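As structure tokens, the structure follows; a few thoughts come after it.
What's counted below: heavy atoms across the whole structure, side chains too, no hydrogens, waters or symmetry copies. Given the structure is predicted, the values throughout are model-derived calculations rather than measurements.
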Amino acid sequence: MIFYRKMVPADIQECMELSKAAGWNQLEIDWQVFMRLGPEDNIVAVLGSEIVGSVATIRYGEELSWIGMLLVHPKHRGNGVGRDLLLEAVQKLAHEKNVKLDATTAGRQIYLQCGFEDEYPISRLETNSIAVAAPGENCFPAEEKDLPEIFELDAAAFGANRQMLLKQIWFNALSFSFVYKSEGKILGYTLGRRGYRFFHVGPIIAENGEVAKELLQTVLHHTPADTPVILDVNYTDKEWLSWLNQSGFTEQRSFMRMFRGDNTNPGHPSRQYAILGPEFG
């Protein structure tokens, strides 16, 4: 019989095996972020002594809560574990006014049945051959003194305050974090992080596509040439997507951003040239 309980730090290694079995990209450090930011808010499904599923939640202030890492081991799929984990997360966030997630094609129908609505599609793009580009002339390593401006830009684009998460991601990958500055003002930023299968670029938050291009070129310039790279983009800016395709990125898979509840503060998707990832939003 499967039962559901709070995730604890000792579960991280088994949760990593879940994400590996699913072909996902997380490292242990990503699971640790969930444990640090919401130690009471993550759930595992257990059969006997084996963890067979997981789900994690993060609260971004009062504006938005996020559901991520909804995983079921392949050999236990099809028996309702994923749905039960989702319902556990929804119950935990029952009093939050807005809950979002990025759904895989396979999971979308379950989310629709649980009251989620489509917001916009997201495409995961991949390249296995990084074109060595010169870093942007206006791009510089993101320093701690830049974080307040980064948080302000991000909150306006994303629609919620997630500064605790961003600070953790920035700290974990300092050498892949950059800002675009013009006349002393930050007009965009990007973060990058290593993963189990790919190097993941994102978020890229920028005032326009030219800023986004310089930021991406800069982080790719600092990425080992033999490393496959992914980034997750929405369909808002067709010119940006076209430029990425011309630069060697191709679609690997798709997601649907979905919401449940009050979505009156959706941010500005047009400034989100790449998201942080479906696990975080």
Side-chain angles (χ1 to χ4, degrees), residues 1-28 30-60 64-119 121-122 124 160 165 196 232 253-263 275-281:
M1 179 177 179
I2 293 175
F3 71 96
Y4 301 86
R5 63 164 173 80
K6 182 180 75 171
M7 186 188 300
V8 297
D11 296 327
I12 288 178
Q13 187 56 53
E14 277 195 83
C15 288
M16 265 301 300
E17 295 306 314
L18 286 179
S19 58
K20 289 179 184 179
W24 286 20
N25 197 45
Q26 286 74 29
L27 297 176
E28 287 189 25
D30 298 307
W31 290 96
Q32 290 165 2
V33 169
F34 283 107
M35 295 303 300
R36 289 192 189 103
L37 298 183
E40 304 297 320
D41 298 331
N42 310 302
I43 302 163
V44 290
V46 181
L47 178 61
S49 60
E50 179 188 6
I51 292 176
V52 299
S54 68
V55 69
T57 67
I58 295 180
R59 290 175 172 85
Y60 297 132
L64 173 64
S65 294
W66 193 266
I67 295 176
M69 302 308 295
L70 181 51
L71 277 162
V72 179
H73 194 283
K75 67 182 181 182
H76 294 285
R77 291 175 185 169
N79 60 4
V81 178
R83 182 183 177 86
D84 288 346
L85 282 164
L86 176 62
L87 292 175
E88 291 277 344
V90 168
Q91 179 60 36
K92 187 171 285 291
L93 301 174
H95 300 295
E96 306 298 317
K97 63 181 182 181
N98 190 13
V99 179
K100 291 190 179 185
L101 52 80
D102 286 341
T104 62
T105 301
R108 178 173 169 269
Q109 289 303 316
I110 296 176
Y111 301 130
L112 288 171
Q113 294 168 15
C114 292
F116 285 85
E117 301 176 50
D118 291 343
E119 187 172 9
I122 292 170
R124 168 158 290 180
L165 171 64
Y196 179 66
D232 301 320
R253 63 191 299 188
S254 61
F255 301 94
M256 178 64 70
R257 177 149 299 183
M258 306 183 77
F259 68 94
R260 188 175 188 271
D262 176 5
N263 192 33
I275 67 168
L276 180 51
E279 63 270 63
F280 295 119

Would the distance check show the side chain of [X] and the main-chain N or O of [Y] forming a donor-acceptor pair, the cut-off being under 3.5 Å?
X	Y	result
Arg77	Val72	yes
Ser254	Pro121	no
Lys92	Glu40	yes
Thr57	Ala89	no
Asn98	Asp262	yes

For [X] and [Y], work out which heavy atoms get closest and say how close.
X	Y	result
Arg260	Gly115	CG-O, 3.6 Å
Ser19	Gln26	CB-OE1, 4.0 Å
Glu279	Phe34	O-CZ, 3.4 Å
Phe259	Glu119	CD2-CB, 4.0 Å

Does the side chain of Leu165 come within less than 4.5 Å of Trp66's, by heavy atoms?
->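 Side-chain contact under 4.5 Å: no.
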Would you say Glu17 and Ile51 make side-chain contact, with heavy atoms under 4.5 Å?
->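 The answer is no, as the side chains (C-beta and beyond) never meet within the 4.5 Å cut-off.
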Set of side chain to side chain donor-acceptor pair (under 3.5 Å) partners for Arg83, sequence neighbours left out =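 So Arg83 forms a side chain to side chain donor-acceptor pair (under 3.5 Å) with Gln113.
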Does anything in residues 103-112 pair up under side-chain hydrogen bond (donor to acceptor under 3.5 Å, both in side chains), and if so which pairs, sequence neighbours excluded?
->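 For residues 103-112, and leaving out neighbouring residues, the side-chain hydrogen bond (donor to acceptor under 3.5 Å, both in side chains) pairs sorted by first residue read Arg108-Asp118.
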Roughly how far, to the nearest 0.5 Å, is NZ of Lys100 from CZ of Arg257?
->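 Going from the CZ atom of Arg257 to the NZ atom of Lys100 covers 6.5 Å.
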Can you list the steps and then say if Asp102 with Arg124 is a salt bridge (Lys or Arg N to Asp or Glu O under 4.0 Å)?
-> CA-CA 12 Å; Asp102 286 341; Arg124 168 158 290 180; over 6 Å; no
Counterpart residues, side chain to side chain contact (heavy atoms under 4.5 Å, CB included), relative to Leu47 (two or more places apart) =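 For Leu47, the residues satisfying side chain to side chain contact (heavy atoms under 4.5 Å, CB included) (neighbours in sequence not counted) are Ile2, Val52, His76.
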